[in-house]
Each structure stands twice: as structure tokens, then as C-alpha cells.
Amino acid sequence: MIPTPRSAVSLLFRLIAVSAGVIGLVFFVGWAYAYHYFAHFDVGLMALQLPAVTFLGFAFWAFQAAWWLLIPYALGALALAIYEPRLRIALRRVRAERPWSLLQLGAVVALAAFLLAWWIAGLGATRFFERQQADRFRDLPRVSVWPVAMPEDEALRALYAELPTGVYRVLLEDRERLFLIEPPPDGQPARVAVIELPWREVRSVRVAP
């Protein structure tokens with residue numbers, strides 16, 4: 001059967017809607033992963049100003065940590081393919097008799113999907129942080145920083161004096177700032193202080209593995 005122009009447009013609209021939903025869910029997973037991960041450092045995403053494309057990488061880490069969810073997804077897709085003719089008849093009946101029920105069901109399914117994504121992202125980010133902490137953040141590069149000038153404040157002077165010693169590790173960097181952490185000694189609390197250093201105050205940097 002050759003599809004009519006109206007049915008072709010309807011099919012295209014559905015494909016676009018499904019694609020937009022999947023892409024939105026992927027970006028949400030990445031955003032939620034980043035939110036939970038940097039929350040362990042008491043750093044908000046608004047302060048980091050991460051580019052949107054960064055969340056795709058965080059989403060990959062989240063899905064990598066929850067790969068086992070592919071099993072129920074594959075089983076559900078298989079069941080849907082097997083029972084699709086029966087479901088199509090049932091959906092047509094429901095659409096004709098109670099059209100609002102489908103909208104309510106779609107809203108519930110979408111909400112459940114985003115809540116599940118939030119939980120998966122938080123679980124993956126927390127486990128990753130705990131592994132890093134147990135290894136004293138050795139996966140982050142060690143850095144020595146030489147500032148342009150020493151500040152007048154005594155507390156900042158002591159901090160800036162430590163920067164060239166190589167005790168800090170790079171948590172994140174962008175075009176304007178460098179975020180550093182000093183891994184706490186063994187047995188110390190989980191919270192790790194983050195130092196935000198503008199690049200304009202940096203004269204030179206040496207990064208070591």
C-alpha cells in the first residue's frame with residue numbers, strides 16, 4: 001500500500017517527535033549526571049557554565065554505568081514487536097472511546113522515564129565520585145600553577161604559595177577559569193574544596209599525569 005501524503009506527513013511528524021524526545025532525554029541524563037557529580041564538590045552547574053555538548057559525554061558515562069538497563073529495554077522492544085498487531089487494535093479502540101486516556105498515559109510514561117533517568121544519573125555520578133575518592137583522585141592530572149602576582153590577603157598568599165608545589169589536581173577548565181582540587185588525606189571527609197582560579201591571574205602551568 002502506497003502511503004498518502006497525509007499519512008507520510010503524520011509518520012514524519014511522529015519520527016521527529018520521537019527523535020526529539022530521545023535527544024532531550026539524553027541531554028537530561030547528561031545534565032543530571034553532571035549536576036550530581038559536581039554537587040559532591042559543592043559546585044553548581046550555573047557557576048561552571050558548561051557547553052551543552054559536554055552533557056553528551058556525561059550521558060555516555062551514565063549509560064555506561066547502567067548498561068544493564070539495555071536488557072529490559074531489549075525485552076520490551078521484542079515484546080512490542082511480537083504483540084504490535086494486537087496493541088494497534090487496542091490503541092485504536094482506546095483512541096476512539098477515551099482519547100484523553102492516551103494523553104494521560106503518555107504523560108505518566110514520560111515522567112517515569114525522566115525520573116528513572118534522574119535516578120540512574122545520580123547513582124552513576126555518586127559511584128564514580130566514590131571510586132575517585134577511594135583512589136585519591138589519581139585519575140585527574142596533577143598541576144603546578146605559577147600566578148602572575150601574589151595577592152595582598154594573607155590567606156590567599158598561603159594558598160597561592162602552594163600552587164606551584166604540585167599538590168593540586170585539575171577538576172575542570174574552560175576558556176576563563178581553572179578549577180583545582182587538593183585531594184584530602186586518607187580518612188578525611190568526602191567533601192573536597194574547589195579552587196576557582198581565573199586564567200588572567202596565571203602566568204604559567206605545568207601539567208603532570
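FYI, side chains are in, hydrogens and waters are out, and symmetry mates aren't considered; it's all heavy atoms of this structure.
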Practice prompt. Starting from the C-alpha separation in whole Å, work towards a yes-or-no answer on side chain to side chain contact (heavy atoms under 4.5 Å, CB included) for Val170 and Leu140.
Written response: CA-CA 6 Å; Val170 179; Leu140 299 178; 5.9 Å; no

Discussion item. The test is side chain to side chain contact (heavy atoms under 4.5 Å, CB included); show your working for Val26 and Phe55 and say whether it passes.
Written reply: CA-CA 8 Å; Val26 170; Phe55 298 132; over 6 Å; no

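For the pair Leu197/Leu163, a side-chain contact is recorded, criterion being any heavy-atom separation below 4.5 Å from C-beta on. The shortest distance between side-chain heavy atoms of Arg169 and Glu182 does not fall below 4.5 Å. For the pair Val194 and Asp42, the minimum side-chain heavy-atom distance is 4.5 Å or more. Looking at heavy atoms from C-beta onward, Ile181 lies out of side-chain contact with Tyr168 at the 4.5 angstrom threshold.
A search for ring pair (Phe, Tyr, Trp, His ring centres under 6.0 Å) contacts involving Phe38 returns nothing, not counting sequence neighbours. Among residues two or more places apart in sequence or in another chain, the ring pair (Phe, Tyr, Trp, His ring centres under 6.0 Å) test is passed with Phe114 by Phe28. Legend: residues meeting side-chain contact (heavy atoms from CB on, under 4.5 Å) with Glu196, ordered by chain and number and at least two apart, are Arg177, Phe179. Judged as a side chain to side chain donor-acceptor pair (under 3.5 Å), and not counting sequence neighbours, Glu173 has no contacts. Considering only residues two or more places apart in sequence or on other chains, Asp139 meets the salt bridge (charged side-chain N to carboxylate O under 4.0 Å, His left out) condition with none of them. The side chain to side chain donor-acceptor pair (under 3.5 Å) check on Tyr33 picks up nothing, with sequence neighbours excluded. In this view, Tyr35 and Trp31, Leu45, Trp118 satisfy the side-chain contact (heavy atoms from CB on, under 4.5 Å) rule, not counting sequence neighbours.
Ala125 approaches Tyr37 most closely through the heavy-atom pair CB-N, 3.6 Å. The two residues Ala62 and Val29 have their closest heavy-atom pair at CB-CG1, 3.5 Å. The heavy-atom pair separating Pro183 from Val167 by the smallest distance is CD-O, 3.7 Å.
The list of side chain to side chain donor-acceptor pair (under 3.5 Å) pairs with a residue in residues 197-206, not counting sequence neighbours, reads Tyr160-Glu201.
Distance check, rounded to the nearest 0.5 Å: NE2 of His40 to CD of Gln132 gives 10.0 Å. Distance NE2/His36 to CG/Leu123: 9.5 Å, rounded to 0.5 Å. Between atom CZ of residue Phe27 and atom CG of residue Leu25 there is a gap of 11.5 Å, rounded to the nearest 0.5 Å. Here the CG atom belonging to Leu159 is positioned 9.0 Å from the CG atom belonging to Leu180, to the nearest 0.5 angstrom. To the nearest 0.5 Å, atom CG of residue Asp174 and atom CG of residue Leu50 are 8.0 Å apart. Between the CZ atom of Arg142 and the OG1 atom of Thr165 there is a distance of 9.0 Å, given to the nearest 0.5 Å.
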Can you give each donor-acceptor pair under 3.5 Å made by side-chain atoms of residues 145-153, sequence neighbours left out, with the distance rounded to 0.1 Å?
| unit_1 | atom_1 | unit_2 | atom_2 | d |
| --- | --- | --- | --- | --- |
| Asp153 | OD2 | Ala155 | N | 3.0 |
| Asp153 | OD2 | Leu156 | N | 3.1 |

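Under the 3.5 Å distance criterion, the side-chain polar atoms of Arg127 are left unmatched by any main-chain donor or acceptor of Gly124.
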